[in-house]
Amino acid sequence: MGDMSTLQGKKSKVSVLFARYWRRLGVVFLVFIICLTGGITAYISSLDISKLQTPLARPSFLYDQNGNRVSQLSSSRIEPVSGQQIPLVMKNAVIAVEDRRYYEHKGVDLRSIIRALYRDIISGDFSEGGSTITQQLAKNLFLASDKTLARKLNEAAYALKIEAVLDKDEILVAYLNQIYYGEGCYGLQNAAQLYFDKEVEDLTLPESALLAGLLKAPSIYSPLNSKEKSLERRNIVLTLMKEQNYISLDEYQDALVQPIVLKKGSLSDLSGQHAPYVDYVIEEAINRIGFSEEQILNGGLKIYTQMDPLVQKAAEEVYGENHYFPKGTSDQLVQSGVVLLDHKTGGIRGLVGYRGARVYRGLNHAASSQFLRQPGSTLKPLAVYAPALEKGYNSDSTVEDHPLNINGYSPQNYDNQYRGYITMQEAVRHSWNVPAVWLLNKIGIDSGVDFVQRCGITLEQEDHTLSLALGGLSHGVTPLQMAQAYGAFANLGVMNKAYAISKITTDEGTVLYLAQPETTQVTTPSVAYMMTLMLEDVVTNGTGENAKLSRPTAGKTGSVELPQTQEFADISKGVKDVWFVGYTPELTAAVWMGYDNTDHNHYLTTSGGAEPAVVFREILSRALESTPVVPFEIPEEYIEQNRLSNKLYKWFEEHFKR
């Protein structure tokens, strides 16, 4: 009996020891589980998913002067849509084929994940699916595409965090906006446009099923590659939708017999369109109006502009044809910029700021304040001849072309010849330098300075010299400034400030900016018209003959000599910049050409009356091809002032000219 009791006592002690061991082990395990759970919870809480809560970039669109959408601006390849825009059948189609328990799990479907992990471990390549829609969204946004166990665990953690922050519809919409649909296409809106050329809200049941079917393997099931495989996959999606009660039997049968009807659109039919003009619009929106680049590219704005698509197209076409431009060197292209204005409003109808490949917001040779060049003889009408007309001179007034030395300043004509006493018209026609300097000295430098500044061109104190007559400025001008200034002649003395943007609104139509006209009465209608008559003669009989159109045309050539430095001492014939600025009754345009970096190996041997005048002619002849020919308007003021001379001219024409 004693042995029995001793044995029982020992067994009791062992039982107690085992009980204590298991209790302790249970406590340790519980602590481990608590720590593990706490660690996982802390890790999940630390994950940053703010990218999901930040609104997707929405492209902005440019509209031309007629209100037609002509270009798209965006820093993203996605055009997002809202949950309200996505049809219910599209949402249900994706859930049916990608994640049938979507509304039941909390981001991770344990049954699916365990099944997938088991198969992955057996296969050893972790290629099995099993990811929920939330996990796929997490993978696309936050994780690499490697097929590892660590990535899948991270994917699950992100999915749990996403589900804790966003509701199911928000997650589904984010997924549909981010996922890849094949053919380089991301986002449901882009897919609807690419495959069916329609908006998301217009998708039908068969179309929704087709797009949902693409997600598993877009390259295999793309209807553009294989309609048979795409149709088979679409019908699988329809079957799943019927089985899960998302559609009725009748809807299923009707959709099943529908053929695939594609109306292929384009992913970005407007992206990159009219890039030269768009670059300037961005600059104007930022520098003049005060928008940020982020707002312009991602704010979903509607930007209404003054672009005339016919004018812009003509300019882009000509700038794409190299034979209209001087031949450059192997290491440097002869650059150029052109601006075309409606002088009656100031609206920029067309603009090209560079030749060659586009560099986003690169140097704009047409309008950038970072790019200023000497205007040469194109400044003569502004600095000399128009202010002389204001002081009572006219085209027949006599000016002197003799050797000139005024306080050490001795200008030369380009042919080094002198013609004595000539008319002001002759001086303008042939762009002789000496008469221009002589005349500026006669009327006073201040008169020239005043007129140039009235035209919107800023001058420094060091510009208040006789070299102003020949376009010698300390900083220079842009083609935009020159076109704006000459617009005052074309518009009977009234200069309208040039602008590209008419209005900016939100996508919903709220007006954020509305352009206000800015006009300046530069001179009288009579003076402006007299200047037009003189500049018409330049094109008809003078240095600007290459700019002649089959309609009234006025303009002025300009060439800027190489700097008088040792570097260019051995070059007898060379120029730095060449210009043509001119106008018709409809448009005013300024063309500049030259090298970005002028040196001993990079300079021009042409003139403003050559390639710049030809480019002017080519662009305007194409842009105005269907525009009726009209004469320059003659102001009443001029008619009254010249009534007697007009009668004498008419009498002379009737009796002698025939």
Side-chain angles (χ1 to χ4, degrees), residues 315 318-319 321-329 332-340 352-356 363-367 371-383 412-415 428-433 436 467 469-473 476-483 485-486 535 538-539 542-548 553-564 568 571-583 588-620:
V318 172
Y319 268 67
E321 299 176 30
N322 292 332
H323 61 274
Y324 289 122
F325 297 85
K327 186 177 180 181
T329 61
Q332 204 178 143
L333 192 69
V334 173
Q335 270 300 344
S336 183
V338 63
V339 176
L340 298 105
V352 177
Y354 50 83
R355 292 180 65 215
L363 181 59
N364 185 333
H365 300 84
F371 177 82
L372 300 173
R373 289 296 177 102
Q374 305 294 317
S377 293
T378 59
L379 199 68
K380 289 175 181 174
L382 307 177
Q412 303 291 317
N413 293 321
Y414 57 82
D415 61 357
V428 175
R429 179 188 302 147
H430 300 291
S431 197
W432 289 321
N433 292 335
S467 63
L470 308 183
L473 304 182
V477 295
T478 64
L480 179 62
Q481 288 176 303
M482 292 305 293
Y486 270 60
L535 295 178
V538 171
V539 173
T543 58
E545 284 185 297
N546 281 326
K548 190 181 298 182
T553 310
K556 184 72 186 71
T557 59
S559 302
V560 179
E561 295 179 354
L562 292 173
Q564 294 182 356
F568 303 104
I571 299 173
S572 59
K573 183 183 179 183
V575 293
K576 185 174 185 288
D577 306 284
V578 289
W579 293 79
F580 186 83
V581 186
Y583 51 95
T588 299
V591 181
W592 166 87
M593 293 180 192
Y595 281 105
D596 277 337
N597 300 299
T598 301
D599 57 33
H600 191 273
N601 298 314
H602 302 90
Y603 60 90
L604 301 176
T605 56
T606 184
S607 68
E611 288 90 348
V614 170
V615 166
F616 172 91
R617 182 194 69 214
E618 283 299 313
I619 294 175
L620 270 76

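Heavy atoms of other residues, nucleotides or ligands lying less than 6.0 angstrom from CD of E561 number 12 at most. Around atom CD of Q564, no more than 12 heavy atoms belonging to other residues, nucleotides or ligands sit under 6.0 Å away.
Taking OG1 from T588 and CG from L340, the interatomic distance works out to 9.0 Å, rounded to the nearest 0.5 Å. Atom-to-atom distance recorded for D577:CG and Y595:OH is 12.5 Å, nearest 0.5 angstrom. The CG atom of L470 sits 6.0 Å away from atom NZ of K380, with the distance rounded to the nearest 0.5 Å. In this structure, the separation between NZ on K548 and CZ on R617 is 10.5 Å, given to the nearest 0.5 Å.
If you look at W592 and F371, their ring centroids are closer than 6.0 Å. The ring of Y319 has its center closer than 6.0 angstrom to the ring center of F325.
When only modelled atom types and interatomic distance are considered, S431 and S377 share a side-chain donor-acceptor pair under 3.5 Å. No hydrogens or angles considered: nothing links the side chains of T553 and Y583 as a donor-acceptor pair under 3.5 Å. The closest side-chain donor-acceptor pair between H365 and D596 falls under 3.5 angstrom. For the residue pair Y324 / E611, no side-chain donor-acceptor distance below 3.5 Å is found, with atom types taken as modelled. Between the side chains of H602 and T329, at least one donor N or O sits under 3.5 Å from an acceptor N or O. Neither side chain, K327 nor N322, offers a donor N or O lying under 3.5 Å from an acceptor on the other.
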Check your understanding: Does the pair L382 and M482 meet the rule for a side-chain contact (heavy atoms from CB on, under 4.5 Å), with working shown?
Key -> CA-CA 10 Å; L382 307 177; M482 292 305 293; 4.1 Å; yes
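The side-chain contact (heavy atoms from CB on, under 4.5 Å) with K556 is formed by just one residue from the set L535, V581, V539; it is L535.
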